[in-house]
Amino acid sequence: MKKRIKQISLFCIVLMLFSSCSKNSTNNSKTVLPAQETEDIQCVDFLYPIGYANETGLYFTEYGSNGNSNIKFIDFLSKKCVSLCSRPECLHQDETCTSWLKYCENTFSTVPVNDKLLLIYNGSFLSTSYHAYGDDALTNIYVGNLNGTSMNKVATFKPQQTLSGKYAVSLDNLYVVTSETVENENDVQHYSFIAKVDLENGKMTESEKFDFPNLQIESAFKNNLILSYSQLSKNDSLNEFKSNILLYNTATGKNSYLLTIDPTEVSYKFTNNFLYTINHQSGELKALDLQSNTEEIICNVYQDNSAKEVFIKGIVTEGIIFDKRTKGMPDKSCFFDFSSNKVLDINLPLQANESLDPNRNIEIIAEYGNKYVVIVGLLMDSVTFSNTTGENYTLPIARYEFALIEKDNYINSIGKYEPIFCS
């Protein structure tokens, strides 16, 4: 089992979506995307929602005191966290700096893909933002070098289009779910489509429209995207959301229904063509290969009968990170070790912790050889923004302290850290 898991990409850990719908409601669209040879598409995701990593480091963005941001890079080898700028005299405060990002009332991601760095601005939902910031407030995709230089805009989306969910990439293309809102005279229509963006020339190819609400990319393998969509049940009960999973072929533009997941029954994570679930009541851990449609019962993660809920946080080479939840008690951090087939309690509390949870453990954000890159401290700060009317507002944000820890030490709750120095 361990050998198989090691073949799985480390970047395909996904957010849970809650929905319900039937098999008959899938959109078997006709071919729109051009036929192509089989691509090796991977879902790009994070182990913790801070940033995206490759083999050498992790990229994330950090707000400055005035609302603008800087691209930061954690160099795993040197154990340094720096602004993505090569000029030692630079103050990293304006557009002359390769790390500086202007605030335009939108969010952005820095995604390393092979030898490229993607800078993805997800457009603002506010129409006033477009009037104030122009095209900078739209959904824009830039491609540059991994050191932040030579950033060129390759694609711009329409004002009413925003991106949702995770990204998927191949050697030459980016796949994103795009949501669009169209206002007619009598109503407002919402729909989604999959946009394929050529990373060299920015050419964009759109799939046919999906009527499913909250369409997301969950994972990817070969030339397939695993999608999910959500929908309220017939009685509109918030307790009856279910996640409906589709397999979308990028070569043909067609999709097929795979299964429906009830998140009130299981916690789940996708990685490549595998789906891992843990049943809240029984604690049974299963692995489903969506390519071969074979399922394996791995173990029972409950060591006692106290826990009645579990939340899978991430999947790494050595195992599965999850929390066990018991009513009236703090969450218990756990690790299922593939090699020993055992569930281990993790007791590695944050060294500096200003979060709302005083019992919070360190968080894994990346893997580096025989080590994990972890958050060992979390401090709260605030940032002041100015909106389009000139009014100021302040929001709390988190500042992080990072370190490396040997994987064996993490699994055995031995808190020996190698600090990562930030500047």
Side-chain angles (χ1 to χ4, degrees), residues 12 14-15 17 19 21-45 109 111 113 118 120-123 138-141 143 154-182 184 188-231 243-260 270 272-273 290-291:
C12 298
V14 299
L15 301 176
L17 300 170
S19 58
C21 200
S22 67
K23 176 176 178 180
N24 294 331
S25 64
T26 57
N27 174 24
N28 293 312
S29 58
K30 59 185 178 182
T31 302
V32 177
L33 298 181
Q36 57 195 7
E37 296 181 1
T38 299
E39 288 187 284
D40 181 18
I41 304 177
Q42 292 185 334
C43 175
V44 183
D45 207 348
S109 302
V111 184
V113 179
L118 309 187
I120 303 174
Y121 280 78
N122 193 17
L138 300 179
T139 296
N140 292 300
I141 297 175
V143 179
V154 299
T156 297
F157 290 72
K158 297 176 183 178
Q160 65 271 28
Q161 294 175 342
T162 57
L163 309 184
S164 59
K166 300 303 167 187
Y167 314 116
V169 296
S170 63
L171 183 63
D172 302 310
N173 300 305
L174 168 71
Y175 293 89
V176 290
V177 171
T178 306
S179 301
E180 184 164 1
T181 301
V182 178
N184 299 318
V188 178
Q189 294 181 334
H190 304 277
Y191 59 86
S192 301
F193 61 88
I194 296 170
K196 171 187 171 184
V197 181
D198 188 305
L199 297 178
E200 291 295 331
N201 56 33
K203 179 181 177 181
M204 190 183 307
T205 309
E206 299 180 2
S207 72
E208 288 203 353
K209 296 179 177 63
F210 292 82
D211 293 329
F212 308 137
N214 304 317
L215 188 71
Q216 307 274 342
I217 294 175
E218 291 276 7
S219 190
F221 66 96
K222 294 186 177 178
N223 59 344
N224 299 298
L225 301 178
I226 299 175
L227 307 176
S228 67
Y229 65 96
S230 61
Q231 202 167 35
S243 296
N244 298 275
I245 310 303
L246 307 176
L247 184 69
Y248 177 84
N249 187 292
T250 60
T252 65
K254 294 183 179 181
N255 69 77
S256 57
Y257 170 86
L258 290 178
L259 74 160
T260 296
F270 286 89
N272 280 10
N273 54 296
L290 297 174
Q291 188 170 1

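Residues Val177 and Tyr248 fail the side-chain proximity criterion, which asks for heavy atoms closer than 4.5 Å. Two residues are said to be in side-chain contact when any heavy atoms from C-beta on lie closer than 4.5 Å; Val169 and Leu174 meet this criterion. Contact annotation: the side chain of Thr250 never approaches that of Asn173 to less than 4.5 Å [non-hydrogen atoms, C-beta and beyond]. Contact check for Leu215 versus Tyr191: no side-chain heavy atoms found under the 4.5 Å cut-off. Counting only heavy atoms from C-beta outward, the side chains of Thr156 and Thr139 never approach each other to under 4.5 Å.
Partner of Asn224 under the side-chain contact (heavy atoms from CB on, under 4.5 Å) criterion, chosen from Asn272, Asn273, Leu247, Leu290: Leu247.
Taking each heavy atom of Ser219 and Cys43 in turn, the nearest pair found is CA-CB, 3.7 Å. Residues Ile194 and Tyr175 share a closest heavy-atom pair of CG2-CD2, 4.3 Å. Considering every non-hydrogen atom in both Phe157 and Leu138, the closest pair reads O-CD1, 3.7 Å. Minimum interatomic distance between Gln216 and Ser164 (heavy atoms only, all atoms of both residues): OE1-C, 3.6 Å. Heavy-atom minimum distance, Ser228 versus Glu218: OG-OE2, 2.8 Å.
The CG atom of Leu246 sits 7.0 Å away from the CG atom of Leu258 when rounded to the nearest 0.5 Å. To the nearest 0.5 Å, atom OG of residue Ser256 and atom CD1 of residue Ile245 are 12.0 Å apart. Summarising the geometry, atom OG1 belonging to Thr205 is positioned 11.0 Å from atom CZ belonging to Phe193; distances are rounded to the nearest 0.5 Å. Expressed to the nearest 0.5 Å, how far CG of Leu199 lies from CG of Leu171 amounts to 9.0 Å. Separation of atoms OG1 (Thr178) and CD (Gln160) is listed at 11.5 Å; rounding is to 0.5 Å. Taken to the nearest 0.5 Å, the CD1 atom of Ile217 stands 6.5 Å off from the CG atom of Leu227.
Considering only residues two or more places apart in sequence or on other chains, Glu180 meets the salt bridge (charged side-chain N to carboxylate O under 4.0 Å, His left out) condition with none of them. Looking at residues two or more places apart in sequence or on another chain, you find no ring pair (Phe, Tyr, Trp, His ring centres under 6.0 Å) involving Phe221.
Within the 3.5 Å criterion, the main-chain N or O of Leu163 finds a donor-acceptor partner in the side chain of Asn122.
Tyr167 and Ser109 form a side-chain donor-acceptor contact under 3.5 Å, judged by distance and modelled atom types alone.
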